[in-house]
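First up is the structure itself, then whatever we jot down about it.
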Amino acid sequence: MNIGDHIQSCAAEQYLPRVDMYVERDNLNANIPSKAKIIMNGWFTDAPENWPPNPNLKPLFVSFHLQPFSAKIILSKQENIDYFKSHEPIGCRDYNTVSLLEDKGIKAYFSFCLTTTLDKKYKSDINSGEILLVDPLYSYDSSLLYKMSLKKALSEISFKKLRKLKDYLKPKSNIIDFVPIDILKKAVSINHYVSSKQNNRDLYKQAKSLLKRYAEAQLVITSRIHCALPCLALGTPVLFVLDGLKDESLHMSRFRGVLDHVNILTNNSKVDIERLFEKPMNVYSPNQIDWENPPKNPDSFKELSSKLKETCCKFIDEH
């Protein structure tokens, strides 16, 4: 349901001299007819029973995120631990994944997200002047239930979330609490929701079209990390709306380390946000923003981004 997965694949594709095959992230143990290199960036996995990947795949683990539920299953088996150890060190997208792997004696490090290298192919000198609202506060997006049938909604929203259904129908926050009305009137709304019926070719075309639009925008306001982090790479000012997500443990497992290098837009106090992340953060309240001249993105990600480029290029060049 999220085009962010294909945006992450676009980041990896930049480094490949060619693409010989596509493999499904949740089915990496499937039959692979020949040996192939693969950059293992992204969110893993909805199918932990399908781990480890097929031995014909030679992986580079960078920007790797283990979803906490799947991690419990994957890291409970010695063969999986041994698989990770055979490909050490594991470059992780977030500190939580680093911790999960190190707890099992696997060498791991924080590599940051590969989408912060998308400038390699997608950077633009054009400024379209667009202000883009990309799924801000999407966890409380009341329109989510209208994007799918009731049957599909009930099958995809967990029981725990069903108990909080009021949050979908009556969001705790609204984007007007964060962005002035005159800016909202000029803004264009975009979402990362996609249909599972779309084919890969169309999804990649859509992802690349979005990246072009982000590269040319004047300002992006989002709660999607795979919109915010590409904007860092592309040099587009971006504000990450954190409110509405911070109490979700699943979200926080993804965010620790990732949001250190992004300007956060919040109605919470800087003290509260820094207590949540246990470190200094780039925090802005709505009244601190000059909306005609939004704050520049932090430069702190650039060293990590350069290292990722170097690591990926070296991996592809190796015989």
Side-chain angles (χ1 to χ4, degrees), residues 5 8-17 23 25-26 28-29 32 35-45 47-48 50-120 225-226 229 232-233 252-262 277-279 300-319:
D5 289 335
Q8 291 177 88
S9 292
C10 288
E13 185 186 32
Q14 296 178 113
Y15 298 93
L16 307 180
V23 292
R25 175 189 63 188
D26 296 324
L28 290 172
N29 66 342
I32 306 294
K35 292 187 180 298
K37 290 184 177 182
I38 181 170
I39 298 175
M40 294 283 283
N41 65 309
W43 188 101
F44 293 84
T45 165
N50 290 338
W51 200 268
N54 187 295
N56 270 343
L57 293 176
K58 180 181 178 180
L60 170 66
F61 282 96
V62 291
S63 306
F64 181 74
H65 169 72
L66 260 183
Q67 189 265 347
F69 174 78
S70 296
K72 290 180 182 179
I73 298 172
I74 290 173
L75 297 176
S76 68
K77 298 179 180 180
Q78 189 59 47
E79 69 167 316
N80 292 336
I81 294 172
D82 291 342
Y83 176 80
F84 281 119
K85 288 186 173 182
S86 70
H87 298 291
E88 293 174 336
I90 309 299
C92 303
R93 199 176 75 189
D94 55 278
Y95 292 131
N96 192 65
T97 300
V98 173
S99 179
L100 288 169
L101 295 174
E102 288 184 338
D103 285 348
K104 294 296 182 178
I106 301 163
K107 293 178 182 177
Y109 68 98
F110 176 66
S111 68
F112 205 27
C113 184
L114 200 60
T115 59
T116 61
T117 72
L118 278 162
D119 58 311
K120 184 174 169 62
I225 60 174
H226 293 112
L229 298 184
L232 288 185
M252 288 309 298
S253 74
R254 298 185 299 128
F255 288 167
R256 293 192 186 281
V258 171
L259 294 186
D260 295 12
H261 309 278
V262 178
F277 285 93
E278 301 175 322
K279 62 170 56 180
S300 54
F301 78 96
K302 290 184 176 179
E303 184 176 349
L304 291 164
S305 174
S306 294
K307 180 64 176 175
L308 276 168
K309 291 175 182 176
E310 179 184 326
T311 300
C312 290
C313 289
K314 180 179 178 182
F315 170 71
I316 296 301
D317 289 342
E318 289 174 346
H319 295 290

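If you read the sequence from its start, that first residue is 1, and numbering goes on from there.
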Taking all heavy atoms of [X] and all of [Y], pick out the closest pair and write down the distance.
X	Y	answer
Thr115	Ala233	O-CB, 3.6 Å
Asn29	Pro52	CB-O, 3.5 Å
Val258	Phe112	O-CE1, 3.4 Å
Asp260	Lys279	OD2-NZ, 2.7 Å
Tyr83	Pro59	OH-CG, 3.4 Å
Ser63	Ser111	N-OG, 2.9 Å

Measure the shortest side-chain to side-chain distance between [X] and [Y] over non-hydrogen atoms and say whether it is less than 4.5 angstrom.
X	Y	answer
His226	Cys113	yes
His261	Thr116	no
Asp317	Lys314	no
Tyr109	Leu101	no
Lys309	Ser305	yes

Go through the steps to decide whether Leu75 and Ile106 satisfy the test side chain to side chain contact (heavy atoms under 4.5 Å, CB included), and finish with yes or no.
CA-CA 10 Å; Leu75 297 176; Ile106 301 163; 4.2 Å; yes
Exercise. Just one of Asn54, Asn50, Thr45, Val23 clears the side chain to side chain contact (heavy atoms under 4.5 Å, CB included) bar with Leu28, so which one?
Worked result: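 It is Val23; the other options fail the test.
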Tell me if a side-chain donor or acceptor on [X] pairs with a main-chain N or O of [Y] at a distance below 3.5 Å.
X	Y	result
Lys120	Tyr15	no
Glu102	Ser99	no
Ser306	Glu303	no
Ser70	Pro48	no

* To do: Could you give me the CA-CA distance, side-chain angles and deciding distance for Lys302 and Asp119, then say whether salt bridge (charged side-chain N to carboxylate O under 4.0 Å, His left out) is met?
  => CA-CA 11 Å; Lys302 290 184 176 179; Asp119 58 311; over 6 Å; no
So, taking the atom named [atom1] in [X] and the one named [atom2] in [Y], what distance separates them when rounded to the nearest 0.5 Å?
X	Y	atom1	atom2	result
Lys58	Met40	NZ	CE	14.5 Å
Ile32	Ile38	CD1	CD1	7.5 Å
Phe315	Leu16	CZ	CG	9.0 Å
Ile90	Thr97	CD1	OG1	11.0 Å
Cys313	Leu308	SG	CG	10.5 Å
Ile74	Phe69	CD1	CZ	10.5 Å

Does [atom1] in [X] sit with more than 12 non-hydrogen atoms of other residues, nucleotides or ligands closer than 6.0 Å?
X	atom1	answer
Lys104	NZ	no
Lys37	NZ	yes
Glu318	CD	yes

- Which is it for Ile225 and Leu259 under the side chain to side chain contact (heavy atoms under 4.5 Å, CB included) test, yes or no, and what are the steps along the way? CA-CA 8 Å; Ile225 60 174; Leu259 294 186; 4.3 Å; yes
query: Which of parallel (below 30°), tilted (30 to 60°) and perpendicular (above 60°) describes His87 and Phe61?
result: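 Ring orientation of His87 relative to Phe61: tilted.
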How are the rings of Trp51 and Phe44 set to each other: parallel, tilted or perpendicular (split at 30° and 60°)?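 Taking Phe44 first and then Trp51, their aromatic rings stand perpendicular (interplane angle over 60°).
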Are Phe277 and Phe255 close enough that their ring centers fall under 6.0 Å? no
Item checked: Side-chain donor-acceptor pair present, Gln8, Arg93, cut-off under 3.5 Å -> yes
